[in-house]
Amino acid sequence: MTFASLEYIIFFPIVFFVYWVACRKNKNLQNLIIIIASLVFYGWWDWRFLGLLLTTATSTYLACLLMKKYTTCESRRKTISILCILLNVGILFYFKYFNFFIDSFYDAFSLFGNEISSSSLKIILPIGISFYTFSALSYSIDVYQRKIEATSDMLAYFAYIMFFPSILSGPISRAQNQLPQYFHVRLFDYHKAVNACKMILIGGIMKFCLADRIGIYVDAVYANIMQHNGTTLLFTSILYSIQIYGDFAGYSLIAIGSGALLGIDLPTNFVRPYFAKTITEFWRRWHISLTTWFRDYIYFPLGGNRVSRSRWVTNTLIVFIVSGLWHGAAYTYIIWGALHGVFMIIERLIYKDKIKQIDTNLSVINVMRMLLTFTIVNFAWIFFRAESLNDAKLIVSKIFTDSSGIFLDVDTLAYSFIFLVVVFLIDFVEEFYKGKVLLMNSRHTLIRWTTYVISIVCIMLFGVLDGGSFIYFQF
């Protein structure tokens with residue numbers, strides 16, 4: 001089941017009605033409804049993987065209770081924490097990376113002239129496993145580090161881990177901020193619900209009208225790389241940068257809006273990333289829940305930037321390479337992550353402490369910085385989107401050596417351009433003129449409702465409603 005499916009359109013109102021009508025005065029019933037709804041939502045894809053989800057939730061819940069029991073015995077707490085992390089990271093590793101590392105092992109031997117017959121297992125990647133595993137790990141690590149206290153409220157904890165709006169593609173929940181919301185009764189808030197619906201509408205336009213429309217063109221070109229010239233491939237790479245933003249930011253808005261309709265506040269995941277003036281700023285705006293997770297649980301424990309320059313460079317590269325691997329078990333993702341790490345290191349060495357002093361004005365120099373940052377990000381997306389390393393190398397080679405006319409799909413590109421302008425204007429106004437141009441938030445009822453109706457009509461008429469799943473489902 002996905003946000004774009006007919007099943008979800010039927011499923012969510014039922015959950016909403018039961019949640020607020022039958023369970024509005026009892027937090028245990030509210031949490032139970034969330035758990036049941038989440039199991040149905042997740043199991044709709046493949047019920048066999050519910051066991052993995054329950055294993056992750058149960059193991060981290062019990063491990064943290066044991067750490068709470070042995071609060072004065074640090075050695076036992078540490079052992080329990082390590083075993084919990086190894087179990088859940090081991091599950092993630094097996095399903096997501098086993099074949100990749102086995103194939104890499106065989107490739108390494110072949111470099112020395114030793115041919116080994118290899119065979120990969122047919123391992124299905126459980127959807128959302130990276131997201132709910134990281135949410136669970138954040139809880140167990142925070143309990144071990146005594147940042148939060150382990151909870152004995154199983155319903156609250158399971159609702160936190162399984163919360164269906166965010167289980168498939170985030171935002172990645174953090175126990176310190178999210179878990180306390182499940183410890184008390186949620187009360188329906190009309191204004192919060194209205195704002196949630198606005199987020200869902202904007203997310204729908206970004207996903208269905210922009211990302212999925214562009215995706216028709218991008219998929220067609222990437223399916224026949226050999227047949228297209230460098231100019232078309234460069235144009236397509238730019239469109240893909242827009243597509244993945246519309247797809248993932250759109251998903252995040254729908255997820256956050258769905259959560260808010262049930263009284264649960266999910267973390268902000270995107271803040272207009274293509275207006276970033278540096279790579280460092282880009283990562284403060286892009287997939288924020290993942291960026292902060294890596295910062296807090298990998299970068300800081302490694303020493304962050306409070307170490308020697310060489311160690312800081314190493315720490316930065318480690319974090320970005322791990323980020324690449326998190327996205328997928330392929331060399332292309334590793335290169336994508338490494339590129340971001342290298343460019344961040346370069347700009348930090350150039351700007352030094354001045355990187356924190358870059359103003360937010362819409363000046364010529366800042367526009368140039370935005371364009372340079374977008375160019376770097378766009379170049380890295382080529383490796384992210386390519387099916388293989390050979391395809392990525394071919395695309396880059398053609399871009400620099402094979403210029404000619406652009407392949408045109410007039411209808412697709414025309415609709416894409418219209419909604420690209422719409423999304424750009426929404427982001428532009430929010431970035432530089434926040435609160436000065438109001439449509440959905442106008443105090444005039446006619447303007448607000450006209451905007452709502454137009455948004456719904458655009459999604460219904462121009463959205464690609466059979467465009468399949470969201471890009472980040474595969475991660």
Side-chain angles (χ1 to χ4, degrees), residues 1-54 56-58 61 127-128 131-132 135-136 151-171 173 175 177-201 203-204 207 251-267 452 456 459-460 465 469-470 473:
M1 192 184 305
T2 70
F3 294 157
S5 64
L6 176 62
E7 292 88 348
Y8 188 77
I9 295 174
I10 298 171
F11 167 81
F12 188 84
I14 294 173
V15 174
F16 181 86
F17 178 81
V18 173
Y19 185 84
W20 288 119
V21 174
C23 310
R24 66 181 183 275
K25 295 182 180 180
N26 189 307
K27 65 101 174 174
N28 287 329
L29 283 178
Q30 288 181 331
N31 290 336
L32 182 61
I33 290 299
I34 287 176
I35 293 169
I36 294 171
S38 298
L39 290 172
V40 172
F41 180 82
Y42 191 80
W44 202 273
W45 170 69
D46 193 328
W47 63 268
R48 294 171 297 175
F49 289 109
L50 288 174
L52 289 178
L53 175 59
L54 290 169
T56 295
T58 304
Y61 172 76
I127 194 168
F131 292 91
Y132 69 71
S135 291
T151 178
S152 58
D153 189 336
M154 180 180 283
L155 289 178
Y157 180 68
F158 275 48
Y160 154 72
I161 292 294
M162 298 178 181
F163 192 49
F164 67 88
S166 60
I167 193 172
L168 299 185
S169 287
S173 296
N177 301 320
Q178 301 301 122
L179 186 54
Q181 297 184 65
Y182 299 90
F183 292 152
H184 56 78
V185 175
R186 275 77 69 188
L187 301 176
F188 183 77
D189 185 326
Y190 173 78
H191 296 291
K192 187 175 184 177
V194 170
N195 288 330
C197 291
K198 293 174 186 177
M199 283 191 281
I200 292 172
L201 279 179
K207 162 62 177 173
Y251 172 91
S252 294
L253 284 173
I254 296 172
I256 294 168
S258 297
L261 283 173
L262 298 177
I264 300 297
D265 295 322
L266 293 171
Y452 300 156
I456 294 170
I459 292 172
M460 298 301 296
L465 301 181
S469 65
F470 294 78
F473 279 6

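Throughout, numbering of the chain's residues begins at 1 and tracks the sequence. Keep in mind the model is a prediction, meaning the values are calculated, not measured.
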Is there side-chain contact between [X] and [Y], with heavy atoms separated by less than 4.5 Å?
{"X": "Ile34", "Y": "Tyr182", "result": "yes"}
{"X": "Asp265", "Y": "Lys192", "result": "yes"}
{"X": "Phe158", "Y": "Asn31", "result": "no"}

[atom1]/[X] to [atom2]/[Y] distance, rounded to the nearest 0.5 angstrom?
{"X": "Met162", "Y": "Leu39", "atom1": "CE", "atom2": "CG", "answer": "5.0 Å"}
{"X": "Leu266", "Y": "Asn177", "atom1": "CG", "atom2": "CG", "answer": "11.0 Å"}
{"X": "Tyr157", "Y": "Thr58", "atom1": "OH", "atom2": "OG1", "answer": "9.0 Å"}
{"X": "Leu201", "Y": "Met199", "atom1": "CG", "atom2": "CE", "answer": "11.0 Å"}
{"X": "Phe131", "Y": "Ser166", "atom1": "CZ", "atom2": "OG", "answer": "10.0 Å"}
{"X": "Ile161", "Y": "Ile35", "atom1": "CD1", "atom2": "CD1", "answer": "11.0 Å"}

Which pair of heavy atoms, one from [X] and one from [Y], lies closest together, and at what distance?
{"X": "Ala22", "Y": "Leu29", "value": "O-CD1, 4.4 Å"}
{"X": "Cys23", "Y": "Ile33", "value": "SG-CG1, 3.5 Å"}
{"X": "Thr56", "Y": "Ala136", "value": "CG2-CB, 3.5 Å"}
{"X": "Pro171", "Y": "Ile256", "value": "CG-CG1, 4.0 Å"}

Should the ring pair Tyr8 and Phe41 be called parallel, tilted or perpendicular, given that the plane angle runs from 0 to 90° and is split at 30 and 60?
-> perpendicular
Polar contact flag, side-chain donor to acceptor under 3.5 angstrom, Ser38-Tyr132 | no
Could you give me the CA-CA distance, side-chain angles and deciding distance for Thr151 and Phe183, then say whether side-chain contact (heavy atoms from CB on, under 4.5 Å) is met?
-> CA-CA 10 Å; Thr151 178; Phe183 292 152; 3.5 Å; yes
[X] side-chain N/O to [Y] backbone N/O, donor-acceptor pair under 3.5 Å:
{"X": "Tyr42", "Y": "Ile127", "value": "yes"}
{"X": "Gln30", "Y": "Lys25", "value": "no"}
{"X": "Ser173", "Y": "Ser135", "value": "no"}
{"X": "Gln178", "Y": "Tyr160", "value": "no"}
{"X": "Tyr251", "Y": "Ser169", "value": "yes"}

Give the table of side-chain donor-acceptor pairs shorter than 3.5 Å for residues 10-20, with sequence neighbours excluded, one pair per line with atom names and distance.
unit_1 : atom_1 : unit_2 : atom_2 : d
Tyr19  : OH     : Arg186 : NE     : 2.9
Tyr19  : OH     : Arg186 : NH2    : 3.3
Tyr19  : OH     : Leu262 : O      : 2.8
Trp20  : NE1    : Leu261 : O      : 2.8

Under the salt bridge (charged side-chain N to carboxylate O under 4.0 Å, His left out) rule, collect the residues that match up with Asp153, sequence neighbours excluded.
->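 Scan of Asp153 (salt bridge (charged side-chain N to carboxylate O under 4.0 Å, His left out), adjacent residues dropped) gives Lys27.
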